[in-house]
Q: 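Pasting a structure below so you can have a look.
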Amino acid sequence: MILAWVNGIYEGVDAFLTGMGTTARFLVENVRGQGGATAVTRQYPQQPAEIVGERVRGHLFNKADICIVCHACDKACPVDCFSMDGERDANNKMRASRFDIDLSKCIYCGLCVRACPTDSLSMTTGFEIDPHTDAGRYLFRRNTGQLDRKLDAPDVVRMAQLANQPRESLSAEDRAWLDSVVDPAGEHLIGMYGLGYFTPEEKAKADAERERKKKEKEAAAAAAKAAKAALEKAAAEKALAAKEAATPAGRPDGGNAP
Amino acid sequence: MEFGPAVNTIATWISGPDPSWWAVGIGLVAVWVIPVLAIVFPVAAVGQIIERKVAAAMQRRHGPNTVGMDGILRLVVRLAFFFLPRAAQDRIQARITALPGVGWTLGLLQRSGLGQLAADGVKMIGKEDIVPAGTDGLVFRAAPYLALVGAFLPFAAIPFAQNLVALEVPVGALYVVAASGFTVVGLLMAGWGSGNKFSLLGGMRAVAQVVSYEIPVGLAIAGVVLWCGTMDLHQIVAHQYNGQWYSFLGWNIFQSPFLALLACLLFFAGLAECQRTPFDMAEAESELVSGFNTEYSGLRWGMFAMAEYSEMILVGALVSTLFLGGYQSPIGEPWIMSLPGWLETIIHAGILLVKFTLGVVLMVWIRWTLPRFRVDQVMRLCWLTLVPLCLLSLFGLALTMLLGGLAGGVHTGPAYGRIPGMQHINLDALGWLVTWVVPVGFAAVLVAVARRRHGQMHPALKQLTGGA
Amino acid sequence: MSTDVTVETLGGERMKLNMGPHHPATHGVLRLMVETDGEIVAKAVPDHGFLHRSIEKIGECVEWPMFVPYTDRIDYVCAMNANLAYCVAVEKLLNTDPATAVQVPLRAECIRIIVAELNRISSHLVAVGAMSMDLGAYTPFLHGIAQRETVNDIFEKLCGQRLTYNFVTIGGVAFDLHKGAEAEITAFLDAFEKEMIRFNKLITANTIFRDRCAGVAAISAADAVAYGLVGPNLRGSGVDWDIRRDEPYGIYDRLAVRVPVGQGFAGRNGRVGDCYDRFVVRLLEINESVRLVREALKMLPAPVEKKTDATGGYQADVAKQLRKPPKGEVRVRTEAPRGEMGYVIVSDGSKTPYRVRCRTGSFTACSIFQKLMRGIFMADIVTVIGSFDIVVPEIDR
Amino acid sequence: MSTALAFAAIAEQVKSAHPSVEARESDNRQPWLLVPAADLPAVARLLRDAPALRFDSLADLTGWDLAKFPATPPSTDIAVAYYLHSLAHRHHLTLKVMAPRDAAQVPSVSGVWAVANYFEREVYDLLGVAFTGHPNLKRIMCPDDWIGHPLRKDYVYPQAYNGIAHLRDGQHFEDAPPRVGDPPPAPAAAAPAKPPVKSA
């Protein structure tokens, strides 16, 4: 029993010293940056994630001039984040007149990209939609024309950097590039829940249209209800009148008998 | 009750050669509060940064590194030039950072995360003091103060320097143990008053644990008292001086293997008294959410945190005082004693600060290495391991002293400094060797036999740990 | 050593305690209604459903391939294995009729093994790390996560995502291995093995950790089988059963899978089937997975241009079959990190499943909680939960 | 393994003890045994305890609503399927019990295989099959006051739960745009199914 007790103490001390030695080595390695054991965490907003590889599934991007509005992406999407309208152009080809991707629904699964027959749909390496970060904030400052331009993560970082600087201090090249991706006019509320492809005017129009339809529907329902009520009232009056007309003349029992 | 020389000096300075009670009181408060405010409080605050930086480095993270340049300077400028418009404040800040060296210093502060200190303090003060419904109002509100008082009381008897001690009680060691037990009242009140079952469990665990661990603490201190023949902490420190340039060999921890063992036991029992991992039963995060301080917020929570770090410092200071020569330097004292008194005080206090800060770092290191005990294992460790080991050490120590006395190893030597000399047990080289070799050799043989009988490890585990 | 106090000797006055759904140690939104007498637990009743997202109902509403992203969400800690389980099940359904039979290319099978075993490693790292964190050691958890991040980097290069991969598809995998993947994986494995030794020195060999797990909540083999425990939880109780070896799917029959079982690793105080055995079995499985990835890399055929090629391709063409799959039902069992992930799939011959049923390891693991959590300490509750490696979305689906 | 039995041999043994059990096959030739609900506990005990069978593990227990399944002959029953597995002999068996949808009641096997406790609660919750003799037949996924059983084919989606609408503002199920390629919407189903048996 005493030997077991001694052994228990020895094991405890041994494990304690081993553990302390291990953590001490971690400490030294981290401070000196050896053995790959430097800090692996990131200072998030200042130091955005590195994008590794080319298959990164970031924001969806549709190249509208080659999209043929075949709805393949819509059919493949498990969460219904697409809605689109098409129209025939001068060459009788289908072209997207509206292509809305609801990024708050998108689960970044990439099934739509695999389904796309024309490769018009792709995923950028940009993933930031948090408007509290620079990258997220400046993504919202793009107008309809600029939405045709695919922006990957490095572009987004560059965009945020340039847009944060005074405009006068930029080189001509940078300024031109910035103007091609960010609208100096300010923020656009594009799409309802994220980076859709509505312009503000289109969104207003769509909202008005939906409102109008809803009102029409309600009005029609109200009218139908009123008509039905009137009809019922008329029928009831008619029945009453018939009853009144019938009682005194034909039926001595007042119409109560079967 | 006797008061320290500094207290007496201040009292005499205030009201003449026969100081009245209020003058003594003022002196006492001054000499007690100065070390606490000037040494313990900052170290307790810095301890949190140390903790976070050490933990981060062990875990391949950065730790605090953001608040610094912007945080501190902007805070200072904003507070100092409150009435100025924002733009003017920014200009002032820019002008200050343009001064030579300021930017560099602030950058260092930022990298080391020290700005977090100020930010945490401001945050803690600024946060709402929430007293949830269902709490026992007065008990809940009073608990943090009691915990803090319990953490700071023992510092009155710790000698920070030859002069810098508030209470020069002849039973200083006893006083420290008694006063540090006061904290647990605060923890129990917090656990009870919170009206939260997790808190209650935490408070109960704290009581059970702290009360149990006072036994090994007391026994370990008793060993030193036995060896030095006094309970006066000042005398114990003075006793550890051997008058040579290698004065560190005079420290208690090098005198006997039993004293070294007692030092380790005191450290671990003290760790348990501060409720630190692996003994953090009372606030076990993954079991009791946060134990007794679950319901606290803002400044009251901050008081608990401060009490915890102060207790860590207390343990470090106690181990240093009892075993590591207290405020003495390891390389002889004459070079310090030749300095003027105020400088000597500062240097001695600084030496003690370094010693207990190392203790705090060790505690932090332990915390981020070991998992937590279970509540029954903590008790088992205390009663079945620490207490028997303490008793064994005491017995061994007594035997050493007896045999040493018989062999004529006891003689009187001068202790350096302004405190009168003490009787030493100054063994010669042979006696010292025997003192160390016999017990250590016996323990080694015992461990070897025990390993052979009981120490087999499962082969799969050997494979997992690299065949070690 | 467990407590000497039994439930029968407890006093009559009990305290009711709600652990969860926001408790730090319940690994998500699990709620335990605990009755204690002081520190001793008299009763603990789990309460589920806080994360119920009706994934099985969704399965009846989406088309066959569109359910794969949802399987990611059933078990996000090992999404590759979850994808694989569903895809293997659908392939088995298609193969029940020669007209719709599908031949998964060999290269795709190898890639599946590689990603599944890599994901098993990263999932077990979360399991052992989270358990050590529950027991108060925070550092090993973050070192496990750091290794998991390396796996995630490999997966991000492979399929573009770090958590919900949607990589395994019906009939193969979505992408071929990226350039330099073999070298990357080998380099990771070499570094990883060294790192794991330090991890084990830090936590597995620690006596405090061992004593806290030893003998706690020991499950006999008969109980483990009766309560439907699967995977490492079952093997921790000493039952030698691994679907990869005993009912192989894919090409597991060509890799000799070695199955570690619990043997009372904790030594003196330990018993077969206690928390420590489950913990160590996971660590041994990590080593085995490392070996399997290496073997699969050796077997990997050279890639060819044509992606539907039976050997070097990576994706059989199944679009036509999925429009009109055979009518009927099929059940498939696969070995996910948390044990058996079994699918029952009922097809009415249309392009949408009639019923998709996913049986997960964590769900059945919860059924034994009430039996285990009697007469143990409060602190042991987190040990038990951690040792079962439950992932709450897998329970609630 | 040599002691593993084929389906035919297992079916033979079970039928010799319980003649009411029938061997069936699904459309894609997966064999299973149809067990009348009344015989289920006895059959289950036989399967677990007979030395040659020894089905010690209930690998899965689930069910599905046959109301829309194009079976011949058409059925509106709820199928409850038991997937058994023997760790001792390493063989499998599938049992099925057909429960009429209006009064779906099946005897519980939670006394035979402990794990059935949870599985049966799930089937009860999602499909509304009441397992008689179950020790704790309560909903496990949905809240206790949930109306209907979601995996039934005639389940009607609620617009709100306890006053909390779960769609976005202004959106309703009937307003949600139809998906391209979907069949035209079916006429609205009947009132929500009531839980058949209120558990104790």
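Letters go in sequence order (proteins before strands), and every chain restarts at 1. Because the structure is predicted, anything quoted here is derived from the model rather than measured.
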Q: Looking at C/R198 and A/F26, would you say the former's side chain and the latter's main chain have a donor-acceptor pair under 3.5 Å?
A: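 No, because the side chain of C/R198 does not come within donor-acceptor range (under 3.5 Å) of the backbone of A/F26.
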Q: As an exercise: rank C/G160, C/P69, C/A205 by heavy-atom pairs under 4.5 Å with chain A and give me the winner.
A: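 Answer, by heavy-atom pair count under 4.5 Å with chain A: C/G160.
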Q: Closest approach of A/R57 and C/Q161, non-hydrogen atoms and distance?
A: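 In terms of heavy atoms, the two residues are closest at NH2-CG, 3.1 Å.
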Q: Below 4.0 angstrom, N of the basic side chain to O of the carboxylate: do C/R210 and A/E11 qualify?
A: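 Result for this pair is yes, salt bridge flagged.
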Q: Heavy atoms only: give me the nearest A/A15-C/N206 pair and the separation to one decimal.
A: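 Closest pair (atom of A/A15, atom of C/N206, distance): CB-CA, 3.9 Å.
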Q: Please check if atom OH in C/Y138 has more than 12 non-hydrogen atoms from other residues, nucleotides or ligands closer than 6.0 Å.
A: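 Incorrect, the count does not exceed 12.
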Q: Provide the closest heavy-atom pair for A/R55 versus C/D176 in the form atom of the first, atom of the second, distance.
A: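 So the minimum-distance heavy-atom pair works out to NH1-O, 2.8 Å.
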Q: Rounded to the nearest 0.5 Å, what separation is found between the OG1 atom of C/T139 and the CG atom of A/L27?
A: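 That separation rounds to 10.5 Å.
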Q: Heavy-atom distances under 4.5 Å only: say whether C/E149 touches chain A with side chain, backbone, both or neither.
A: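 Neither part.
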Q: Quick check on the interface: out of C/A191, C/C159, C/A319, C/A174, who has the most heavy-atom pairs with chain A under 4.5 Å?
A: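 Of the candidates given, the most pairs with chain A belong to C/C159.
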Q: Only pairs of heavy atoms separated by less than 4.5 Å count here; which of C/L202, C/V62, C/I203 has the most with chain A?
A: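 Sorted descending by pairs with chain A, the first entry is C/L202.
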Q: Select one option (side chain, backbone, both, neither) describing which atoms of C/Y70 are under 4.5 Å from chain A's heavy atoms.
A: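 Just the side chain, heavy atoms under 4.5 Å.
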Q: Around atom CG of A/L17, are there more than 12 heavy atoms from other residues, nucleotides or ligands closer than 6.0 Å?
A: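 Counting neighbours around CG of A/L17, more than 12 heavy atoms of other residues, nucleotides or ligands fall under 6.0 Å, so yes.
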Q: About how many Å separate OG1 of C/T207 and CG of A/N7, when rounded to the nearest 0.5 Å?
A: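 Separation between the atoms: 10.5 Å.
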Q: Does a side-chain heavy-atom distance below 4.5 Å link A/I107 with C/R73?
A: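 A side-chain contact under 4.5 Å exists here.
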Q: Is A/R114 positioned over the aromatic face of C/F175, cation under 6.0 angstrom from the ring centre and no more than 45 degrees off axis?
A: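 Satisfied, under 6.0 Å and within 45°.
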Q: Does CD belonging to C/E305 count more than 12 external heavy atoms closer than 6.0 Å?
A: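 No, because the 6.0 Å sphere around CD of C/E305 holds 12 heavy atoms or fewer from other groups.
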Q: Pick one of side chain, backbone, both or neither for C/L158, based on which atoms fall under 4.5 Å of a heavy atom in chain A.
A: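 For C/L158, heavy atoms of backbone and side chain both lie under 4.5 Å from chain A.
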Q: So, the side chain of C/N166 versus the backbone of A/C109: is there a donor-acceptor pair under 3.5 Å, distance only?
A: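 Present.
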Q: Could you tell me whether the side chain of C/F67 reaches within less than 4.5 Å of the side chain of A/P78, counting heavy atoms only?
A: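 Sidechains of C/F67 and A/P78: no contact.
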